[in-house]
Amino acid sequence: MSTANPIGDDALRISDHKPLITYAGDKELFENLKLVLSQSLSQEPIEWRRQYGRPMKMVTLSTDFVPFNKDAVAEQIGSRNLVGRPIMHTFWTQCLDMEVYKSLLRDEIDKWMNEMNKHNIIDWVIVVVETYDLRKHSKLLPRTTVFDKIKSDFAEKKADRCLSVINPPKSEVRCGSSAWRALITNVRLLILSAFDRLFLKYEDNIRNYREQRNDPSWSFCKYFLYQEELAFALEMLGIHDEALVQYDELDAMFTQFILNSQVGNVPQWLTEFQVVLEWWSAVLFMKNISRKQREAIKIRKLSLLEFRCYLFSRQASLLMAASKPWIVAERALIFLHQAVSDLKTLEIECPQGSVACWVLQCCAQILVICQSVKKPEHLEECSHHTAPLLYYSLKKLYELGDLCGLLPGSVQTSEQLHIVQVLCGGMQSGHDLTTATESVATLKTALSSSETFSKHYLDIAELAISTYKHNKLMRCAHSLVGLELAKFYTLSGDTTKRTMFLVKALKLFEQDNWKLLIVQTNLELVKCFKKIGNVDQFVKTCLQLASSVECNIKVRQDHFDQMSRMIQDSNIECIYPTDDVIVLAQIDVKCNNEESNYPSTVSLKFKSNLPKTVLCPKIAISVVIGSALKKMKSKLSLVKSTYSYDINKGNILPMTYNHNYQQDGHFASTGITCLNQKSYLRRQDSQRRKPSMNYNKNDYHDIISANNVNIQPGMNSIDLTLNCLKNGETIGYLWEINLSSTDIKTIGPLAESLKLNFQTKYSSAEKPDCTQDLNFEFTINNYKTLLLIESGVEMAGKSGEFCRMNTVCTYTAHFKRSEHSEHLNIPQSEISFKYEIVADKTMWAVCGRGSDVITFPPNSISQTVSVEVMPLMSGFLPIPTLNVFRYFPSNSRQNIESKLEQFSTGQVYDASKGVQTHVLPRITADTS
């Protein structure tokens with residue numbers, strides 16, 4: 001697919017035009033210098049410093065030279081064209097004889113200067129080429145040369161307008177002489193100063209004409225062509241950004257005129273755009289400019305859509321020339337929305353579907369422009385803006401399919417077939433600017449039958465959703481394109497695919513808590529689940545709809561009844577979350593006494609969002625014993641054995657009003673803004689984390705419950721009491737084994753393993769008088785402490801002083817064996833263990849040996865290890881810790897290899913675990 005371009009005489013290509021310079025005088029001389037002069041001028045860019053504080057630009061001057069024609073000067077001066085008119089006039093001579101100058105040359109120059117003065121031309125220059133044979137020429141130069149005489153006769157007050165060059169080069173290879181470089185530099189500066197004066201004068205004329213816009217005879221089309229000529233000239237100089245500014249100003253001015261027409265201020269020229277839309281072809285000229293289209297603007301015979309296309313084409317071509325293709329894609333959607341809005345504002349009568357056809361053609365051609373980008377980084381930037389463009393195309397294509405009876409399941413009528421013929425006929429250009437492009441052919445093929453339409457629709461949808469996903473915009477992929485596909489598959493009867501897209505969209509809405517979107521999606525999903533026979537999801541969705549306050553009460557009651565009937569008809573047990581069904585307001589936990597950790601009564605205050613009363617056979621709360629209960633108690637306030645906890649009703653976004661005002665103080669727009677947006681816009685799908693949607697029933701071994709409870713719509717308050725569902729012990733104890741030396745002597749070798757027996761009596765809450773016995777035997781192994789560790793850090797060689805940052809310190813660890821064997825008078829055997837120093841590398845650097853094996857000889861009780869360490873920061877730092885392992889050395893005789901074995905829990909006691917040491921900042925040298 002390629003964008004359209006005018007052909008033949010209709011094409012106007014600005015890049016083919018160059019600033020024109022006329023030449024007069026010795027034409028043979030100039031023809032010999034013309035090539036080398038043109039090449040030298042364009043050899044390198046020159047800095048152009050413009051007036052009135054405008055930004056400096058680097059300009060490369062590529063010029064064309066034409067003979068001076070006095071008959072054409074008057075016409076060129078009176079024309080408003082900046083492209084194609086001479087910017088400067090030059091006179092060339094190589095006369096060195098004073099007599100020849102006086103008799104012939106002076107009169108010739110005088111006639112040429114009279115033409116300059118006649119037309120008030122001040123951008124002229126006289127160049128004297130002096131050629132000497134330095135080997136033959138006399139070293140004594142004449143007192144007054146021809147160049148001096150010309151300067152005194154014609155440029156006495158404008159010395160910069162008379163230039164000379166000695167022995168000019170005949171080829172570009174010899175363009176390095178200082179005299180020639182000076183001539184080239186002066187000519188460049190004169191050309192730029194000529195452009196500066198021309199632009200200032202032209203801009204004044206534009207400004208004066210713009211100020212006449214309230215005149216009934218004033219025409220924006222005339223003004224448009226006037227200012228566009230300035231954009232042409234800037235583009236000719238390669239200043240694409242400033243040329244783009246001219247079109248942006250025209251775009252903004254045209255839009256403002258249309259907006260002003262809403263309050264009754266409709267100029268005469270604007271009414272000429274309010275004709276019935278006859279053609280809706282979209283032709284974007286990216287390389288050449290159509291002369292016929294500019295002529296149509298001049299005679300006011302261009303439709304609004306054609307004018308918008310022409311304006312966007314010029315903006316896009318300048319952006320492409322400036323190597324900014326992604327901005328073309330960024331502006332495309334704004335351009336399309338603005339054009340459609342203009343049609344509505346001006347109340348232009350448009351045939352049904354014509355605007356959608358125009359939008360689809362524009363989108364197709366803009367996508368081609370983006371796909372033609374070569375650089376990968378530019379292509380990546382374009383993809384961020386092509387996805388919304390594809391989504392807009394998808395919506396417009398669906399609109400066309402609905403109008404023409406091409407959607408799945410539709411039967412096309414004769415009237416709809418006539419609409420298709422009208423739409424295809426209107427896609428041909430009314431001005432014969434180009435033949436039908438491939439975008440038109442593709443759209444016509446899509447409108448030819450329901451099958452081709454569906455294929456084209458799904459192709460665009462697939463491209464749109466994959467582009468969104470490529471840009472990691474998963475929400476847009478599923479919530480925008482996904483919902484459109486769900487609507488399409490609803491018509492085609494593919495319930496499975498419809499359900500798939502709706503479920504993906506629903507997950508996103510639930511993550512962001514978009515209540516109304518959740519309701520709308522669930523209303524569609526409940527039909528799908530019922531049709532495919534998914535009872536579990538049908539009941540769950542009905543439950544959500546019945547408890548949704550955003551729904552109409554009749555809709556809620558209807559889905560509540562459907563849910564109830566489905567539950568009665570299908571004997572299945574389902575687990576559903578009650579986050580939005582039952583909203584807890586307050587929990588009061590009461591214990592039997594202050595020392596008890598187990599609750600006896602729980603009072604609940606909650607709100608039911610169900611539309612009708614529900615009879616619950618049982619309401620139960622699971623009771624958790626141990627550390628989990630301690631954490632729960634830390635969140636509750638203890639008041640006379642009663643824990644009261646107010647439930648947070650949800651995260652509410654901090655929103656504020658945002659009012660916008662115009663410069664004159666008039667109200668412009670209003671909206672709402674979320675404070676601290678970044679903390680709320682961190683999304684799980686962007687972090688590639690999927691929330692778990694599995695709801696598991698907790699362990700209801702120990703419960704507090706109430707039976708046969710009526711839950712009314714609105715606020716409810718109920719009390720739940722202690723109840724054990726199964727036989728079992730509900731009171732917990734913290735045990736400690738404390739064996740004295742006497743006990744150890746008594747039990748002897750049994751101290752290595754303790755066998756215990758626990759006995760108690762218990763009864764259930766239903767039958768408190770019926771008691772039963774509980775007998776539980778268990779064994780505890782490896783419970784004795786074998787090794788005690790105490791460690792610390794001190795300054796090396798300076799006991800008692802604080803450590804300093806980046807200074808070597810001593811880490812000392814004392815290892816002590818257990819004294820149990822001493823009390824028994826049993827000789828201790830040899831034992832070996834391996835230690836490893838574990839230190840946070842951001843706080844400590846271990847300078848010595850970080851690990852080693854220590855052996856306790858028989859009857860040895862303690863060992864000490866010292867290692868050099870260095871603190872890397874100041875403050876209260878946790879000292880390094882130790883990992884200790886039992887070490888069994890190798891025995892080559894018995895073919896036993898060395899091995900490490902972890903100690904059991906409790907066999908090693910580290911008394912210094914969690915200890916911190918104070919590290920002072922390092923000492924800095926006193927520079928005073």
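In what follows, every heavy atom counts, from backbone to side chain, and hydrogens, waters and symmetry copies are set aside.
For the atom pair CG of Leu198 and CG of Leu230, the computed distance is 9.0 Å after rounding to the nearest 0.5 Å. Asn471 contributes atom CG, which lies 9.0 Å from atom NE2 of His385 (distance to the nearest 0.5 angstrom). Taking NZ of Lys324 as the start and CG of Leu319 as the end, the distance is 7.5 Å to the nearest 0.5 Å. In this structure, the separation between CH2 on Trp48 and CD1 on Ile239 is 4.5 Å, given to the nearest 0.5 Å. In this structure, CG on Leu259 lies 10.5 Å from CZ on Phe254, to the nearest 0.5 angstrom. Between the CG atom of Asp97 and the CG atom of Leu104 there is a distance of 10.0 Å, given to the nearest 0.5 Å.
A donor-acceptor contact shorter than 3.5 Å is absent between the side chain of Glu115 and the backbone of Val73. With hydrogens and angles disregarded, no donor-acceptor distance shorter than 3.5 Å links the side chain of Trp279 to the backbone of Leu305. For Glu228 (side chain) and Tyr247 (main-chain N/O), no donor-acceptor pair under 3.5 Å exists by modelled atom type. Arg188 places a side-chain N or O within donor-acceptor distance of the main-chain N or O of Leu41, the cut-off being under 3.5 Å. Remark: the backbone N or O of Thr22 is paired with a side-chain donor or acceptor of Thr90 at under 3.5 angstrom. Ser372 places a side-chain N or O within 3.5 Å of a backbone atom of Ile369 that can act as its donor or acceptor partner. Between the Asp215 side chain and the Ser217 main chain, a donor and an acceptor come within less than 3.5 Å of each other. The closest donor-acceptor contact from the side chain of Arg161 to the backbone of Trp124 lies under 3.5 Å. A side-chain donor-acceptor contact under 3.5 Å links Glu229 to the backbone of Leu82.
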(request) Using the side-chain contact (heavy atoms from CB on, under 4.5 Å) rule, take His89 and Ile21 through it: C-alpha gap first, then chi angles, then the decisive distance, then the call. (result) CA-CA 6 Å; His89 304 270; Ile21 300 177; over 6 Å; no

(request) Please assess Phe65 against Ser38 for the test side-chain contact (heavy atoms from CB on, under 4.5 Å), listing each intermediate value before the final yes or no. (result) CA-CA 8 Å; Phe65 295 93; Ser38 179; 4.1 Å; yes

(request) Assess whether side-chain contact (heavy atoms from CB on, under 4.5 Å) is satisfied between Leu270 and Phe220, documenting all intermediate values. (result) CA-CA 8 Å; Leu270 188 57; Phe220 176 81; over 6 Å; no

(request) Show your reasoning for whether side-chain contact (heavy atoms from CB on, under 4.5 Å) applies to Glu130 and Val128. (result) CA-CA 6 Å; Glu130 301 175 295; Val128 179; 4.0 Å; yes

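For Cys95 against Thr93, the heavy-atom pair with the smallest separation is N-OG1, 3.2 Å. Considering all non-hydrogen atoms of both residues, Glu108 and Gly25 come closest at OE2-CA, 3.7 Å. For Ala329 against Cys370, the heavy-atom pair with the smallest separation is CB-SG, 3.5 Å. Closest non-hydrogen pair, Ile206 versus Tyr226, comes out as CD1-O, 4.1 Å. For the residue pair Ala231 and Ala243, the shortest heavy atom distance occurs at O-CB, 3.5 Å. Taking all atoms of both residues into account, the shortest heavy-atom contact from Val328 to Phe312 is O-CZ, 3.9 Å.
Taking the six-membered ring for Trp and thresholds of 30 and 60 degrees, Trp112 and Phe68 have ring planes more than 60 degrees apart, a perpendicular arrangement. Trp269 and Phe257 have perpendicular rings, their planes meeting at more than 60° on a 0 to 90° scale where under 30° would count as parallel. Taking the six-membered ring where tryptophan is involved, the planes of Tyr392 and His337 are tilted, since the angle between them lies from 30° to 60°.
Side-chain atoms of Arg85 and Leu20, non-hydrogen and from C-beta on, never get closer than 4.5 Å to each other. When side chains are defined from C-beta on, Ser261 counts as touching Thr345, because their heavy atoms get closer than 4.5 Å. Here the side chains of Ile126 and Leu163 are not in contact, with every heavy-atom distance at 4.5 Å or above. Between Asn214 and Trp218 there is no side-chain heavy-atom pair separated by less than 4.5 Å. Taking 4.5 Å as the limit, every side-chain heavy atom of Lys301 sits out of range of all side-chain heavy atoms of Glu272. Taking the side chain as every heavy atom from C-beta outward, Ile46 and Leu189 approach each other to under 4.5 Å. Within the 4.5 Å cutoff, the side chain of Ser281 has no heavy atoms near those of the Trp358 side chain. Taking the side chain as every heavy atom from C-beta outward, Lys151 and Glu156 never approach each other to under 4.5 Å.
Salt bridge present: Asp204 and Arg207 bring a charged side-chain N and a carboxylate O closer than 4.0 Å. Classification of Lys57 and Glu47 as a salt-bridged pair fails, no side-chain N sitting under 4.0 Å from a carboxylate O. Asp248 and Arg331 are joined by a salt bridge, as a carboxylate oxygen and a charged side-chain nitrogen come within less than 4.0 angstrom of each other.
For an aromatic pair to be called close, the ring centres must be under 6.0 Å apart, and Tyr23 with Phe91 fails this. Between His384 and Trp326, the distance from one ring center to the other does not fall under 6.0 angstrom.
Side chains of Gln256 and Asn260: a donor-acceptor N/O pair is present below 3.5 angstrom, by distance only. Inspection of the Glu306 and Ser303 side chains reveals an N or O donor paired with an N or O acceptor under 3.5 Å. For the 3.5 Å distance criterion, the side chains of Tyr223 and Gln227 qualify, holding a donor opposite an acceptor. Counting only N and O atoms by type, the side chains of Asp196 and Ser193 include no donor and acceptor under 3.5 Å apart.
Within 6.0 Å of NZ in Lys34 there are more than 12 heavy atoms belonging to other residues, nucleotides or ligands. Crowding of Glu28 atom CD: a count of heavy atoms from other residues, nucleotides or ligands under 6.0 Å not exceeding 12.
No option in Arg314, His240, His17 other than Arg314 meets the side-chain hydrogen bond (donor to acceptor under 3.5 Å, both in side chains) test with Glu235.
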